[in-house]
Protein chains: 2
Amino acid sequence: MSGVPELLLLRLLDQREMYGYELVRSIRAATGEAISLGEGVIYPALHALEKNGSLKSRRKAVGGRTRVYYSLTTKGRQRLDRLANEWRRIQGGITTALESPAHGSA
Amino acid sequence: MSGVPELLLLRLLDQREMYGYELVRSIRAATGEAISLGEGVIYPALHALEKNGSLKSRRKAVGGRTRVYYSLTTKGRQRLDRLANEWRRIQGGITTALESPAHGSA
DNA sequence: GACTATACCTCGAAGTTAGAGGTATCCGAG
DNA sequence: CTCGGATACCTCTAACTTCGAGGTATAGTC
């Protein structure tokens, strides 16, 4: 039902190339602190997405340190569209349910 | 991260007393067909919610058949408020992330 | 008398996520 | 120079949720 981490990763990487450690902080920022995913979620997700062809990576040395930058492939962009639509559907459904008539309040 | 089934159940039961089999169909209807939860999800969830004091039940004979009707307790209403707020937070965060600037399209 | 719909339920497999833990480098402070 | 904190990568297991299949029984219909 979820797949939220995957959606977020694809979305951010569709805007610009980023590396794992950076994504951890970017997700927090991009969601207005609402969602915080640890490295234990990000790295395995990144590897899975690369394996299935949604992402491609390249190593880049920055100040003696090596970073692994990820970016979307065509397939990844398609997957992003699909997941984003699916999310809107679910989100819309729940919003509908939550907003209907009223209960005790007001 | 999810807890969506629980949220939906609490929400529907806050509107009126219902029984399990009915809830399965109500969830589909209330979410505009977007979400469909099977009995294997509903019954265990109902039992867990009753055990932790969010719901109370009563058996009612209807046409020779016995139904178990569930309704919210005070604690359940509090839990609903909490989960609903949490959901809005998550949902808002993801929407923010999805809406930011733009990628390839338009 | 058989089949469908109603109504309840449980179980185990499958998938996701979180958190803890592990390595190594760089940089600034003391 | 040495210590600690930030950077940067990674893996593993446990926990939790959720799904689907399967199981029982009654009521009504053809």
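Quick note on labels: first sequence line is chain A, next is B, and so on, each numbered from 1. Just so it is clear, the model here is predicted, and its values are computed rather than measured.
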Kindly compute the distance separating CD (Gln15(A)) from OG (Ser71(A)), expressed to the nearest 0.5 Å.
14.0 Å
By side-chain hydrogen bond (donor to acceptor under 3.5 Å, both in side chains), Gln78(A) pairs with (sequence neighbours left out) none
Heavy-atom nearest nucleotide on DNA chain C taken for Val4(A) and for Glu22(B); more 5' hit belongs to Glu22(B)
Answer with base, sugar-phosphate or nothing: what part of the nucleic acid does Arg59(A) contact at a heavy-atom distance below 4.0 Å?
nothing
Salt bridge (Lys or Arg N to Asp or Glu O under 4.0 Å) involving Arg88(B) - partner list, sequence neighbours excluded
none
Contacting residues from residues 39-56 of chain B, given that a heavy atom lies under 4.0 angstrom of DNA chain C
Glu39(B), Gly40(B), Tyr43(B), Pro44(B), His47(B)
To the nearest 0.5 Å, atom OG of Ser54(B) lies from atom CG of Leu13(B) at 10.5 Å
Taking side-chain hydrogen bond (donor to acceptor under 3.5 Å, both in side chains) as the cut-off, I'd like each qualifying pair that reaches into residues 29-48 of chain A, sequence neighbours left out, listed once.
Arg28(A)-Ser36(A)
Would you indicate what Val62(B) reaches in the nucleic acid, counting non-hydrogen atoms under 4.0 angstrom: base, sugar-phosphate, or nothing?
nothing
Residue pair Arg67(B), Glu22(B): steps toward the salt bridge (charged side-chain N to carboxylate O under 4.0 Å, His left out) verdict
CA-CA 10 Å; Arg67(B) 293 177 182 163; Glu22(B) 183 184 11; over 6 Å; no
Single-linkage hydrophobic cluster, 4.5 Å side-chain cutoff, Tyr70(B) and Tyr19(B) together
no
For a 4.0 angstrom threshold against heavy atoms of chain A, report the outermost contacting nucleotides of DNA chain C in 5' to 3' order.
dT17(C) to dC26(C)
Arg67(A) side chain N/O closer than 4.0 Å to the phosphate oxygens (OP1, OP2) of dA8(D)?
yes
Thr66(B): what forms a side-chain contact (heavy atoms from CB on, under 4.5 Å) with it, not counting sequence neighbours?
Arg59(B)
To the nearest angstrom, the OH-C1' distance between Tyr70(A) and dA8(D) comes to 11 Å
